[in-house]
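What follows is one structure encoded as structure tokens, with my remarks underneath.
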Amino acid sequence: MKIFNSYTNKLETFVPHHPNRISMYVCGPTVYNYIHIGNARPVVVFDTVRRYFEYKGYNVQFVSNFTDVDDKIIQAAKEANVPEMIISEKYIKAFLEDVVALNCKTDYLKPKVTEYIPQIIAYIQSLIELGYAYIIEGDVYFRVSKLAEYGKLSNRKLDDLIAGSRVEINEKKESPLDFTLWKKTEEGLHWHTSFSDGRPGWHTECVAMIDDIFGEEIDIHGGGTDLMFPHHENEIAQSLAKNHHHVARYWMHNGRLNLEGEKMSKSLGNDIKVKDLNIDLKAYRMFLLSTHYRSPLNFSIEALDVFVREWAKITKTVESLHRTLDLHDSLESNVIVTAGDIMEVIDYFLTSMDNDFNTPNALTALNQLMRSINQKMRQKLDYAWLNQALRAINDMLSVLGLEVPLIRLADEDRVLINQWEQARVDKDFALADMLRKKISEKGLL
RNA sequence: GGACCCAUAGCCAAGUGGUAAGGCAAAGGACUGCAACUCCUUGACCGUUGGUUCAAAUCCGACUGGGUCCUCCA
């Protein structure tokens, strides 16, 4: 399969370092607020990547961190007059609730910065010893000039960066490009080290965690394009200095989500919280997957509405297929797909996913299969075909994280539906309407 | 100011050298006891303009219009 590697800017054949095993790390949230719908994009994208790898039989070691040491958390804690931990724990919990609602898996390793302070300090210490970092008045900075390759990931030249007048002016640093590894401070959570009492900068946590957890260059590092510079560039810089590798063999970056054509971010205050969307979030997940993960995506209520309807259609089709088979006592398990038309759709689905996770085309395959299912449901029922179609569509939905919950009919429901059918045959429409109402109220129609 | 990306039907969106997938909306039709659901049919000279090529939405240049990054941000 092919993956677009942001580091080389090329579509590359993906080969994991270890056979059957894939190591993945995705930059997680800074937990000082509820996540907005843009924050949900990488979460859904990389959950889908993981699901596809697992579908293909790989054992995926998935790690995503929580940044729980940060200026904004300190500020929020001050405002609420509580310890920082209260703030971060609250929003970690909220994050996981949103993530579950988006149907993302949560059984992955979730390291927190506060749990990784010794490793982060040790990492910084090594960088100092290797001459890649220097201490000034208790602050520790990374010496960018020592690394010839700096700027390769984000594809920019050092001269341009310096020329850009927006680079922070800090008299203490050797160069304006040097970034903070450790900040001397008495404010908020801080720790004692030989350089000073303070706390880590943002850029070391991910590499320290990856180093500790995986102990080697990982297969995939993911995150939003806006993290490419400086965050990921700085991760690579530190890793090259200390471990002589680029953190990950494949770097994946998802495009931004914009709101009505404008950038959405917490700092601009125009963000919509995931928890405020007020819809079945699988519809939102589907919306996110309807555009290729690397393209920018424009959010609007109208665009989302399309997928609210689409999701309803999927739900209805799959439920109806399952119920039809159930009603006729024809549900089979461990079905193997042999029907040519279904195999063709599966093939299109897999080819699409193999091509740098082309989920829009994967959704096209899903639509094709749905149409076939709805066609066959109006004809004389072919149970073997329908079982295969159910298997196929469930597999696809599971890869995309769009599973439709299916439950077997209770005996009383089965009776009810049969009575309704009979009443219609008998043309007893008063009874039929009454039964239909009952069935409908049970959500079985 | 610097770097980079994008521009396909009313809307969303694949396709990245060989004569335009899919979805939504719209219109017409079918099915149905009434409904709902569903099914069928109908739509594009691929922003403008030069060039390369037997052949370009697809490659190169210019222009126009959007967007992202350079600062915390997913």
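Labels below follow one simple rule: chain letters A, B, ... track the order of the sequence lines, proteins then strands, and each chain is numbered from 1.
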Review point. Under 4.0 Å between a side-chain N or O of A:Gln375 and OP1 or OP2 of B:C40?
Key: yes

Exercise for review: Indicate whether OP1 or OP2 belonging to B:C5 is found under 4.0 Å from a side-chain N or O atom of A:Arg294.
Suggested key: no

Exercise for review: Give the rounded distance in Å between these two atoms: CG of A:Asn234 and P of B:C70.
Suggested key: 12 Å

Practice item. Determine whether any donor atom in the side chain of A:Arg378 lies under 3.5 Å from an acceptor atom in the base of B:U38, or the reverse, and answer yes or no. Key: yes

Review point. Hey, does A:His231 reach any base, or is it just sugar-phosphate, or nothing, if we go heavy atoms under 4.0 Å?
Key: nothing

Practice item. Could you check whether A:Asn367 gets within reach of a base, just the sugar-phosphate, or nothing at all, counting any heavy atom under 4.0 Å? Key: sugar-phosphate

Practice item. Using atom CG of A:Leu259 as one end and atom P of B:U68 as the other, report the distance to the nearest whole Å. Key: 11 Å

**Study point:** NZ/NE/NH1/NH2 to OD/OE distance under 4.0 Å, A:Asp413 and A:Lys442
**Key:** yes

Check your understanding: Base, sugar-phosphate, or nothing for A:Ser290, non-hydrogen atoms under 4.0 angstrom?
Key -> sugar-phosphate

Practice item. Could you tell me whether A:Arg249 and A:Asp219 make a salt bridge, using a distance below 4.0 angstrom between a side-chain N and a carboxylate O? Key: yes

Check your understanding: Watson-Crick or G-U wobble partner for B:A26, using a 3.5 Å limit on both distances?
Key -> B:U42

Review point. Separation of A:Arg256 atom CZ from B:C73 atom C1', in whole Å?
Key: 7 Å

Point to revise | Donor/acceptor link under 3.5 angstrom from A:Lys316 side chain onto base of B:C37 | key: no

Check your understanding: For B:G50, what is the paired nucleotide under Watson-Crick or G-U wobble rules, both distances under 3.5 Å?
Key -> B:C60

**Study point:** Given RNA chain B, 5'-ward residue of the pair A:Arg309 and A:Thr225, judged by closest heavy atom
**Key:** A:Arg309

Exercise for review: Would you please test A:Phe95 and A:Phe66 for ring-ring contact (aromatic ring centres under 6.0 Å, His included) and show each step?
Suggested key: CA-CA 10 Å; A:Phe95 171 82; A:Phe66 285 119; 5.4 Å; yes

Exercise for review: Classify the side chain of A:Asp433 and the base of B:G33 as holding, or not holding, a donor-acceptor pair under 3.5 Å.
Suggested key: yes

Point to revise | Donor-acceptor pair (no angle test) under 3.5 Å: A:Arg436 side chain, B:A35 base | key: yes

Check your understanding: Given atom CD1 of A:Ile301 and atom P of B:C12, what is their separation to the nearest angstrom?
Key -> 15 Å

Review point. Is the distance between the ring centroids of A:Phe299 and A:Phe287 less than 6.0 Å?
Key: yes

Check your understanding: When all nucleic acid strands are considered with a 4.0 Å heavy-atom cut-off, which category describes A:Asp305: base, sugar-phosphate, or nothing?
Key -> nothing

Point to revise | Separation of B:U16 P from A:Asp356 CG (nearest whole Å) | key: 13 Å

Review point. Phosphate oxygens OP1/OP2 of B:A14: is one of them under 4.0 Å from a side-chain N or O of A:Thr364?
Key: no

Point to revise | A:Arg424 side chain near B:U32 phosphate (N/O to OP1/OP2, under 4.0 Å) | key: no

Practice item. May I ask you to verify if any side-chain N or O of A:Asn39 is less than 4.0 angstrom from the OP1 or OP2 atom of B:A74? Key: yes

Study note, to complete from the structure: Whichever of A:Arg41 and A:Ala430 has the more 5' nearest nucleotide on RNA chain B, that residue is A:Ala430

Check your understanding: Is a donor on one side and an acceptor on the other found under 3.5 Å between the side chain of A:His322 and the backbone of A:Val318?
Key -> no

Revision key, fill the gap. From CE of A:Met370 across to C1' of B:C37 the rounded distance in Å is 13 Å

Check your understanding: Could you state the CG-C1' distance from A:Asn358 to B:G15, rounded to the nearest angstrom?
Key -> 9 Å

Review point. What nucleic acid atoms does A:Glu310 come within less than 4.0 Å of, heavy atoms only: base, sugar-phosphate, or nothing?
Key: sugar-phosphate

Practice item. Describe, in one word, how the ring planes of A:Phe357 and A:Tyr52 are oriented to each other, choosing from parallel (under 30°), tilted (30 to 60°) and perpendicular (over 60°). Key: perpendicular

Check your understanding: What's the NE2-P distance between A:His36 and B:C72, to the nearest Å?
Key -> 16 Å

